[in-house]
Every structure is written in structure tokens, then in C-alpha cells.
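Counting starts at 1 for both ligands and their atoms, following the listed order.
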Amino acid sequence: MDKIKNAIRTIPDFPIEGIMFRDVTTLYSNPEAMKEVIDLTCDYWKNKGITCVAGIEARGFITGSIIANTLSLPFIPIRKKGKLPHDTLSQEYQLEYGTATIEIHTDAMNKNDNVLIVDDLIATGGTAVASIELIHKLDAKVSGCTFIIDLPELGGKKKIEDKGIEVQSLCDFEGH
Ligand code: AMP
């Protein structure tokens, strides 16, 4: 786990003052640390009946697609509004200032699916909870969520666990 945490770079005051931006590009460029991310994640979820992996744009696409391929499962993209070309369902959610919308293809999954949601980091949980709602709109079940980084002070992980959904995170950082 130290190998993973040490490979993540922190940029203070990005994109705005007061945010400690946890930059995973330095992790993605470190094959040894990335192997640990994929091994820890796939070992944890491999026998839990997952049928597909949904990655959240954009950083969730990188680990999400490797995890899906390693587990021999389909990869499903959850994208920002207006990017997916076929019929979509949308979910709006609250940001600190304003709102954002994410979308999924209507034929991406069905009621028989048990989905693993993947993103790089969980903060307030707004993005992940919106993703859960989107998947529920397709009548599929969310079996779990996995993140490389948790910011425990922001309470997102607890918000998801309170819904009865299992959450894995590989390292914690203090603050926002
Ligand atoms: P939230 O919806 O509040 O849980 O925020 C999660 C999303 O915002 C993830 O997709 C992260 O990539 C991004 N994010 C939030 N806070 C940070 C941070 N301190 N450093 C890097 N990314 C962040």
C-alpha cells in the first residue's frame, strides 16, 4: 500500500486554493505501483459475483478497463453529458458550485448485472452516488465500489456504505 501512496503526487491549491489535488498520473506511469493497484483490486473482487465493471470518466477509465480485462469482464463507461453516441440515461448531481450530469448507454447493462464501480478517488461521494443511481435506473445491482484514494474527512465512503454497498479503497489522504 505504501508503494501506491508514495507514487501519488500532491499538487497544493489545484484547481482552486485550498484543494490538495491528488495527482494519479505519477501512479499511472509507475508500472510496479500500478500492478499492485490491479492485483489488490482484482484479488478483492474476483469471487464476489461481479458481472461488469463501470468506470467513471475520465480517471476511472484507466484502472477500470484494466480491472475489467484482468477479470475477463465487460467494461462500461459512465461519461459526462453529451459524450455517449447511442441512447442514454442521465443523472444530475450537486457540485460545490452548481450541478453536473453523467450518462450511461441504456443497453449497457440489465437487471441480471452485478456492477463494480471504479474511480480514482472518492471525496464527498457525489459522483459515485450519482453513478449508483444511474445503474439502478437500468435495474442492475451495484455490488461494490473501488477507489485508489479515499479522503475520509469528506465522508463519501460512509455515504455509500450506508446504502449497504461494499467499498474498497487502497489508501487514505487527510483533508480535501
Ligand atoms: P466526489 O464526487 O466529491 O466524491 O469527487 C470525486 C471526483 O472528483 C473524482 O472523480 C476525483 O477524480 C475528483 N476529485 C475530488 N477531489 C479531488 C482531489 N483532492 N484530488 C484529485 N481529484 C479529486
[X] versus ligand 1: do any nitrogen or oxygen atoms come within less than 3.5 Å of each other?
X: Ile19; value: no
X: Phe21; value: no
X: Tyr93; value: no

Does a salt bridge link [X] with [Y], judged by any charged N lying under 4.0 Å from a carboxylate O?
X: Arg79; Y: Glu103; answer: no
X: Lys111; Y: Asp139; answer: no
X: Lys81; Y: Glu92; answer: no

(request) Please test Asp113 against Thr51 for side chain to side chain donor-acceptor pair (under 3.5 Å), starting from the C-alpha separation and ending with a verdict. (result) CA-CA 6 Å; Asp113 279 308; Thr51 62; 2.7 Å; yes
How far is [atom] from its nearest protein heavy atom, and which residue and atom is that?
atom: atom 20 (N) of ligand 1; answer: Arg22 N, 2.9 Å
atom: atom 6 (C) of ligand 1; answer: Leu121 O, 3.7 Å
atom: atom 5 (O) of ligand 1; answer: Ala123 CB, 3.7 Å
atom: atom 19 (N) of ligand 1; answer: Met20 O, 3.0 Å

Give the atom numbers and elements of ligand 1 that come within less than 4.0 Å of a heavy atom of [X].
X: Arg59; answer: 12 (O), 21 (C), 22 (N)
X: Gly125; answer: 1 (P), 3 (O), 4 (O)
X: Thr127; answer: 1 (P), 2 (O), 5 (O), 6 (C), 7 (C)
X: Asp119; answer: 9 (C), 10 (O)
X: Asp120; answer: 9 (C), 10 (O), 11 (C), 12 (O)

(message) Looking at ligand 1, would Ile56 count as a contact under a 4.0 Å heavy-atom criterion?
(response)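 So Ile56 does not count as touching ligand 1.
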(message) Strictly less than 4.0 Å: does any protein heavy-atom distance to atom 2 (O) of ligand 1 fall in that range?
(response)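 It does: a protein heavy atom is found less than 4.0 Å away from atom 2 (O) of ligand 1.
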(message) As a test of understanding, state which of Thr41, Ile122, Asp120 forms a side chain to side chain contact (heavy atoms under 4.5 Å, CB included) with Phe147.
(response)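 By the side chain to side chain contact (heavy atoms under 4.5 Å, CB included) criterion, Phe147 pairs with just one of Thr41, Ile122, Asp120: Ile122.
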(message) Tell me which one of Ile117, Ile165, Val142 satisfies side chain to side chain contact (heavy atoms under 4.5 Å, CB included) with Ile160.
(response)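 With Ile160 as partner, Ile117, Ile165, Val142 yield a single side chain to side chain contact (heavy atoms under 4.5 Å, CB included), made by Ile165.
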(request) Taking the six-membered ring of Tyr44 (Phe, Tyr or Trp), confirm whether the NZ or CZ of Lys46 is under 6.0 Å from its centre and within 45° of its axis. (result)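 The answer is no, since Lys46 fails at least one limit relative to Tyr44.
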(message) Enumerate the side-chain hydrogen bond (donor to acceptor under 3.5 Å, both in side chains) contacts for residues 167-176, please, sequence neighbours excluded, ordered by first and then second residue.
(response)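 Listed once each, the pairs are Trp45-Gln168, Thr146-Gln168, Lys157-Ser169.
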(request) Answer with yes or no whether the hydrophobic clustering places Val37 together with Val167; edges join I, L, V, M, F, W, Y residues whose side-chain heavy atoms lie under 4.5 Å apart. (result)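 Per the 4.5 Å side-chain linkage, Val37 and Val167 are not co-clustered.
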